[in-house]
Amino acid sequence: MAAPRLLIVGGSDDATPVVVASREGALLAHSPTLTEEQARAVAADPAAATVLDTEQLQAEVATSRLHFAQDITADFEATPDGRISSCNPSFLRLFGFASESAAVGSLLTERFPSPRAGVAFLETLLREGSLQGHLCELSSLDGRRLHVVQNVVADTDDSGQASRIRGYMEDRTTERSLVEELNRWQRLEAVGRLAGGVAHDFNNLLTIILNYTEHLERALEGPHRDMITEARIAAERAADLTRRLLAFGRRQSLQEKLIDVNDVIRRMIPLVSSLLGSSVELDLLLASGIGAVRGDAGQLERVFMNLIVNAKDAMPAGGRLTLETELVVVDAPYRRAHPWAHAGRYVLISVTDSGTGMPREVLGHLFEPFFTTKPPGVGTGLGLASAHGIVTQHGGMIRAYSEESVGTTIKVYLPVASRSAAAVGPKLTPPIRGGSERVLLAEDEGSVRRALAHALSAHGYSVVEVDSGEAALAAIAADPSISLCIFDVVMPGMGGLRAYEYVRQENTVLPIVLTSGYSGDLPSERFAEDLRAYFVPKPCSPETLLGEVRRALDEVTSDTG
């Protein structure tokens with residue numbers, strides 16, 4: 001067979017359209033800058049080459065190349081086996097190639113999560129001829145996960161064999177990350193609501209157990225008292241578990257004040273040093289002038305300690321742990337690169353270990369409840385989930401960064417308060433004092449009501465028991481000697497919060513104590529600003545409830561005396 005002839009349309013530079021044809025005029029190949037119809041015309045009639053508008057073709061070539069270079073999508077051409085032959089700047093930026101020469105010759109299949117996935121993509125493309133709107137996961141040169149939508153075509157020659165691959169990719173990584181983040185939040189919110197509901201009922205049961213066990217501890221002597229003590233300790237551990245559930249669901253009650261995060265961390269250092277032992281070196285990098293945050297110091301201590309314990313567990317053979325604080329500003333450019341972030345000024349607390357690190361698939365589940373990488377029977381899987389809930393309830397953010405065999409950094413962002421923190425000393429718990437006042441107790445759970453009434457009566461109070469908000473209002477109207485009311489927030493019919501609102505319409509000074517398994521039951525701004533309103537979270541021990549009752553009654557006496 002005679003060698004094919006080369007027919008050239010236009011000049012001889014690199015942008016020149018080319019047609020390759022056999023001596024008989026059969027089209028073998030042509031430049032992509034020529035249409036199929038133009039190329040066949042030239043192949044069939046070489047004289048057509050002198051008829052075509054050379055300047056027009058060259059202009060079309062220039063326009064096509066400019067579009068290729070400026071296109072925001074990642075455009076590429078490749079050989080049938082997936083080897084890149086040309087690409088545009090967007091392709092280079094997407095995958096991190098330094099130049100086109102660095103990208104040309106590389107295999108597209110290497111950008112897939114596995115060789116099998118890359119081969120399957122090529123086989124499907126060559127079999128189908130094209131893939132439109134094909135969503136797939138790829139990776140950049142530095143290992144970043146990319147989510148792209150591909151539109152790819154496999155060109156064929158006259159014999160039906162694939163001659164090249166042409167395509168473009170739209171980067172959907174940011175959109176996919178936002179969707180994954182939204183789905184994760186929705187899952188956490190759903191489980192949080194479930195946790196709050198379970199904890200509410202469980203706290204009622206624990207209130208009964210704690211009240212009766214503490215009463216029996218005082219009444220009994222000998223081995224029976226020891227057994228009751230063990231039961232009380234078990235109940236307190238169960239109460240701590242419900243607090244962690246409520247923290248995860250962001251439904252716990254916070255005792256907020258202005259605090260200095262550096263002081264919180266410094267107070268923890270003796271315990272932290274003892275916990276880490278000699279195999280872990282501790283670096284403390286606390287920046288000055290970072291400002292105060294508004295929050296619950298005890299809950300934040302719980303968060304930091306949980307992160308430190310996890311960091312220690314990630315370094316079984318020892319290593320280095322760094323605690324660092326700094327003042328940061330989350331601005332618009334940072335938010336564009338990190339869609340999860342909220343603008344503002346934050347105190348950033350970073351906990352960094354040099355431990356084993358975590359793979360990407362583990363990192364994505366880190367703050368989910370009951371997810372743990374520890375062996376069965378070690379931990380509950382609620383530590384980081386509750387830390388996430390506590391930080392979120394403080395209006396902050398928490399993120400994790402990790403690399404296998406390098407280590408992990410957990411970053412906690414807490415919004416800066418406008419005022420400075422005041423130094424406070426340790427609080428002394430005064431002894432419980434009873435009284436003789438008449439107290440109204442509204443609680444629909446009979447066993448809980450009896451337990452609380454018993455604690456009040458045992459300390460001298462005269463107790464009126466009712467099981468609903470409606471009954472509470474009727475009792476208040478009928479008995480002017482009632483000095484204080486205790487309302488459970490969640491009751492059938494009229495709950496405690498609505499009963500509180502009705503009472504306040506007629507009486508602005510009567511002390512009212514609301515009780516509930518979680519503070520999410522208290523959305524009323526009026527309640528928060530009311531100097532005669534008090535909240536006792538369940539499960540509540542006799543000391544907690546009686547202390548708040550006595551404080552409320554004494555404050556009324558001091559104000560009116």
Side-chain angles (χ1 to χ4, degrees), residues 199-240 242-243 253 429-472 474-476 478-479 481-492 495-496 499-500 510-517 534-554 556:
H200 178 270
D201 292 338
F202 195 42
N203 280 336
N204 275 337
L205 300 176
L206 290 174
T207 296
I208 301 168
I209 297 171
L210 287 172
N211 275 269
Y212 285 134
T213 52
E214 289 194 17
H215 173 74
L216 289 173
E217 265 189 302
R218 291 190 294 269
L220 296 177
E221 296 293 341
H224 293 99
R225 180 176 182 176
D226 293 338
M227 288 188 286
I228 291 296
T229 299
E230 289 297 324
R232 177 183 55 79
I233 292 173
E236 289 174 347
R237 291 176 60 188
D240 181 67
T242 62
R243 281 192 289 270
S253 177
T429 303
I432 298 175
R433 293 188 298 113
S436 59
E437 293 89 345
R438 194 161 178 79
V439 174
L440 172 68
L441 174 61
E443 166 66 61
D444 64 299
E445 290 284 343
S447 53
V448 177
R449 186 174 64 251
R450 288 188 293 272
L452 296 180
H454 181 274
L456 291 164
S457 299
H459 285 78
Y461 294 104
S462 172
V463 183
V464 178
E465 298 181 44
V466 296
D467 61 1
S468 69
E470 294 88 348
I476 294 171
D479 188 351
S481 66
I482 290 175
S483 301
L484 178 141
C485 299
I486 301 173
F487 296 157
D488 182 37
V489 172
V490 179
M491 292 185 288
Y500 158 80
L510 179 66
I512 298 177
V513 178
L514 295 186
T515 65
S516 176
Y534 306 83
F535 178 72
V536 175
K538 293 179 179 178
C540 55
S541 65
E543 285 80 1
T544 301
L545 177 65
L546 292 166
E548 200 70 359
V549 166
R550 190 66 261 163
R551 181 169 76 93
L553 291 169
D554 289 347
V556 171

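Just the heavy atoms: all of them, side chains too, but no hydrogens, waters or symmetry mates, feed the values below. We number each residue from 1, following the sequence as shown.
- The shortest distance between side-chain heavy atoms of Glu437 and Arg550 falls below 4.5 Å.
- Legend: residues meeting side-chain contact (heavy atoms from CB on, under 4.5 Å) with Ser468, ordered by chain and number and at least two apart, are Glu470, Ala471.
- Using a 3.5 Å distance cut-off with no hydrogens or angles, the side chains of Arg438 and Ser483 do not pair a donor with an acceptor.
- Evaluated for a side chain to side chain contact (heavy atoms under 4.5 Å, CB included) with Pro511, the options Val556, Ile486, Asp554 yield exactly one hit, Val556.
- Atoms NE2 and OG, from His459 and Ser436 in turn, are 14.0 Å apart once rounded to the nearest 0.5 Å.
- In this structure, the side chains of Ile482 and Val439 stay at 4.5 Å or more apart for every pair of heavy atoms.
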Practice task
Begin with the C-alpha distance, continue with both residues' side-chain angles, and end with the deciding distance and a verdict on side chain to side chain contact (heavy atoms under 4.5 Å, CB included) for Val513 and Cys485.
Solution key: CA-CA 6 Å; Val513 178; Cys485 299; over 6 Å; no
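- Looking only at distances, a side-chain donor or acceptor of Thr213 sits under 3.5 Å from a matching main-chain atom of Leu210.
- Residues Asp488 and Leu441 fail the side-chain proximity criterion, which asks for heavy atoms closer than 4.5 Å.
- For the pair Glu443 and Met491, the minimum side-chain heavy-atom distance is 4.5 Å or more.
- Once rounded to the nearest 0.5 Å, the distance linking CG of Leu545 with OH of Tyr534 reads 13.5 Å.
- Contact of the Ile512 side chain with the Phe487 side chain is registered, since non-hydrogen atoms from C-beta on lie closer than 4.5 Å.
- Asn211 contributes a side-chain N or O that, together with a main-chain N or O of Thr207, makes up a donor-acceptor pair within less than 3.5 Å.
- Asp444 has no carboxylate O lying under 4.0 Å from a charged side-chain N of Arg449, or vice versa, which leaves the two without a salt bridge.
- Taken to the nearest 0.5 Å, the CD atom of Glu548 stands 4.0 Å off from the CZ atom of Arg551.
- The shortest side-chain heavy-atom distance between Ser447 and Arg450 falls under the 4.5 Å cut-off.
- The closest side-chain heavy-atom distance from Leu452 to His454 is not below 4.5 Å.
- No side-chain heavy atom of Leu440 sits under 4.5 Å from any side-chain heavy atom of Leu484.
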Exercise for the section: For Tyr212 and Ile228, run side chain to side chain contact (heavy atoms under 4.5 Å, CB included): C-alpha distance rounded to whole Å, both residues' side-chain angles, the deciding distance at 0.1 Å, then the answer. Expected result: CA-CA 9 Å; Tyr212 285 134; Ile228 291 296; over 6 Å; no
